Structures are given as C-alpha cells and as structure tokens.
Amino acid sequence: MTTLVQPHSTFDVLKKYHFSARKKYGQNFLIDAHVLDKIMEAAQIAPEDCVIEIGPGIGTMTQGLCERAGKVIAIEIDDALIPILKDTLSSYNNVTVVHADVMKTDLHQLIEEENQGKPVKVVANLPYYITTPIIMSLFESGIPLKSITVMVQKEVADRMQEGPGSKDYGALSLAVQYYAKPEIVANVPLNCFVPRPKVGSAVIRLTAYEKPPVDAKDPAHMFRLIRASFNQRRKTLVNGLFNASELHYEKEQIAGVLKEMGLGEDVRGETLTLDQYATLSNRLLTLN
Ligand code: SAM
C-alpha cells in the first residue's frame, strides 16, 4: 500500500487516475507528513474513537486516521475520487466511504448506524469555499460531538479564536465559542498542499463543551442579537438591534437594558463578550 502523504506518491496517484484537482470543490491535497502528524496529535485519535472525515480527497488523512482510530467514516462529494479512495484505502477494514455532500447528509442517522449514537470526532482539511457553513451546521445540528479538528484558512481560524477588541472578532467567534473551546495548534504554509492555495492555513481544534459556558435562556434569540449587531458593525448596538427586521425592540428598551448592565448607549456590539450577549438576551426576553 502507498503512504500518500509523501508528495511523489500523491503525484503518482493523481497521474494514475488522470485526476486534476477541482477548484469548485476546494481541492488542495495535503502533501506534508509533519502537518499530518500535527493534525492527528491535536485530534488525539485513539482506538476507541469513531472519526468522521469531511472531504477525504485521495485518502491521505484517511490513511492516518484508519491507522489510529477504531472506525472512520469519510464523506466525499466528488464522484471521480470514489474509485481512487477504493484503491488507496483498500488495506483498511475500519473505513466507510460515503459518497455525498456533507451539507445534505443526515449525520444523526449516520452516527446512530455507525457508532450507536455515541459522540464522534470530526477531522478534516476543509474545502475553503464552505468552511463556515460546515462548522456551523455541525454545531447547530446537535450531533453528539467530542471535538472538531480542522484545517481552515488562517484568517478563519483567527476569527474563531478571537475575543472583543480584535478586528477578527465577530458572529463566527461568538458562535464557535458558545459550543466549543477553540485552540489554534499549527500554522500551515502554502507549500504543504498541491495545488497550492492562495492563502495560508491553520489547524484549529474545537473541543465541544458538554454544557455551554454561558446561560442563554433562548440561544436562538441570543444569536439573532449577535447577527444583528455584527451585520451593522459601524452602528451602535442600540441602532443595530433597533434596525434589525427580525427583532422588535424599541430603542429605549435596548438602551435601558444596556444601562442596567453598566453599558452606555453608544456601546458597539463588537465590544461585548459572549457572557454579556447572554445577559442582554435574557433581559430583553423578559420584556416580551
Ligand atoms: N482531505 C484531503 C487532503 O487533506 O488532502 C482533501 C482536502 S480538500 C481541501 C477538500 C475535500 O473536500 C476535497 O476532497 C473535496 O472534493 C471535498 N468536498 C468539497 N465539498 C464537499 C462537500 N460539500 N461534501 C463532502 N466533501 C466535499
């Protein structure tokens, strides 16, 4: 069996199958063994783990996962990669390749069937065109999760990890930090992939919380406030929330709650912590 992570073996497989990477599926294949090891280490894959890999490509990370995990479920959208995966993963009997779009896959059912509904780890070198929707839908779907360890654009990894005061702080930071503890574990240069992406990458581990770190009585309401305040970054929080079509509060009500929280009328949404958003949300709900 070929160990794919060496650049020459990746080139050999691509040549053997006359395969050229497709931009529309965000295909940049990993060719660096050191980075692969970092991802495996960060995800702390152990024999009792069931791992879902999103976008196995030609199977490079999948091989590493099969070596370490009890079970691997690899979900790949591209028809042309399915016969390649059959070949490159032929020596493993602990992998199931699912030919599907992860955004249209019932992960609850898959986890029920493959892991008796027990928590899984997600590991992936994510397609960059769809990184945020994939991560948000993993969290919002409420599937049983231990952690998500993913390669993403460096800038997106920064956004997930930042807090108030940073230009990268936004709705994604707050959403991720509500569900998980984010830690960037490695920065990955362009030459670790073929073809080379245009921007740098990073590996980030999101360790799922058993219980969210803040007590939002109605998380969906809190996220409506967060989206509204970051949709209108240049406005004050009072104006941002007042103008949002999905919210129905008067300016005086919002300003009143902010005052109770010790915040001024001209405060901006980007200065509030997750805890403050939870408090704001809970107090506004009592006005309904
Ligand atoms: N894991 C491989 C590696 O590290 O070399 C490939 C990573 S490549 C950045 C992203 C992979 O995700 C590609 O194989 C691509 O075809 C697949 N992909 C893109 N969109 C997808 C989707 N919606 N559902 C499942 N797989 C997808």
Side-chain angles (χ1 to χ4, degrees), residues 2-14 17 19-40 42-43 45 51-69 72-89 92 95-107 110 121-138 141 143 148-157 185-186 188-204:
T2 327
T3 305
L4 287 170
V5 77
Q6 305 306 332
H8 66 86
S9 35
T10 295
F11 290 123
D12 289 349
V13 169
L14 297 178
Y17 286 92
F19 184 86
S20 355
R22 297 192 210 200
K23 235 189 187 161
K24 74 164 181 173
Y25 288 142
Q27 291 172 349
N28 300 97
F29 301 117
L30 184 64
I31 50 166
D32 187 290
H34 179 67
V35 174
L36 179 79
D37 285 345
K38 278 245 165 194
I39 297 172
M40 298 297 136
I45 306 296
V51 177
I52 294 186
E53 185 190 5
I54 298 167
I58 62 169
T60 310
M61 284 210 323
T62 328
Q63 290 186 340
L65 292 168
C66 289
E67 296 285 343
R68 294 163 176 86
V72 180
I73 309 163
I75 305 173
E76 175 56 59
I77 196 171
D78 188 348
D79 315 355
L81 288 169
I82 303 302
I84 303 183
L85 287 165
K86 202 163 186 230
D87 179 3
T88 59
L89 301 175
Y92 298 102
V95 59
T96 306
V97 175
V98 179
H99 179 201
D101 177 343
V102 69
M103 297 300 287
K104 296 184 183 150
T105 304
D106 184 341
L107 295 178
L110 198 60
K121 289 184 175 171
V122 173
V123 180
N125 170 11
L126 284 178
Y128 292 173
Y129 76 101
I130 194 181
T131 302
T132 303
I134 291 178
I135 291 178
M136 289 319 302
S137 80
L138 288 172
S141 65
I143 55 167
I148 302 177
T149 305
V150 280
M151 176 96 70
V152 297
Q153 286 182 32
K154 168 85 177 82
E155 184 207 318
V156 177
V185 292
V188 182
L190 309 181
N191 59 4
C192 294
F193 305 93
V194 62
R196 285 183 186 210
K198 290 205 171 61
V199 291
S201 305
V203 177
I204 188 164

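None of the values given here were measured: they were computed from a predicted structure. Indexing begins at 1, ligand by ligand and atom by atom, following the structure's order.
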Inventory of protein N or O atoms under 3.5 Å from ligand 1 N or O:
| from | atom 1 | to | atom 2 | distance (Å) |
| --- | --- | --- | --- | --- |
| ligand 1 | 1 (N) | Glu53 | OE2 | 3.4 |
| ligand 1 | 1 (N) | Gly55 | O | 2.8 |
| ligand 1 | 1 (N) | Pro56 | O | 3.4 |
| ligand 1 | 4 (O) | Asn125 | ND2 | 2.9 |
| ligand 1 | 5 (O) | Leu30 | N | 2.9 |
| ligand 1 | 14 (O) | Gly57 | N | 3.2 |
| ligand 1 | 14 (O) | Glu76 | OE1 | 2.7 |
| ligand 1 | 16 (O) | Gln27 | NE2 | 2.9 |
| ligand 1 | 16 (O) | Glu76 | OE2 | 2.6 |
| ligand 1 | 20 (N) | Tyr129 | OH | 2.9 |
| ligand 1 | 23 (N) | Asp101 | OD1 | 2.9 |
| ligand 1 | 24 (N) | Val102 | N | 3.0 |
| ligand 1 | 26 (N) | Ile77 | N | 3.4 |

**Prompt:** CG/Asp87 to CD1/Ile82 distance, rounded to the nearest 0.5 angstrom?
**Reply:**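 These two atoms lie 13.0 Å from each other.
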**Asked** Once you round to the nearest 0.5 Å, how far does CD of Glu53 lie from OG1 of Thr96?
**Response**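 Reported to 0.5 Å precision, the distance equals 12.5 Å.
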**Message:** Testing Val97, Asp101, Leu107 one by one against Ile75 for a side-chain contact (heavy atoms from CB on, under 4.5 Å), which residue passes?
**Reply:**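 Exactly one pass, corresponding to Leu107.
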**Message:** Can you confirm whether the side chains of Glu67 and Tyr92 place a donor and an acceptor under 3.5 Å from each other?
**Reply:**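 Distance-only check passes for Glu67 and Tyr92.
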**Request:** Say whether Tyr128 and Asn28, considering side chains only, have a donor N or O and an acceptor N or O under 3.5 Å apart.
**Result:**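 Judged by distance alone, the side chains do not pair up.
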**Asked** Between Ser201 (side chain) and Met151 (backbone), is there a donor-acceptor pair under 3.5 Å?
**Response**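 Between the backbone of Met151 and the side chain of Ser201 there is no qualifying donor-acceptor contact (under 3.5 Å).
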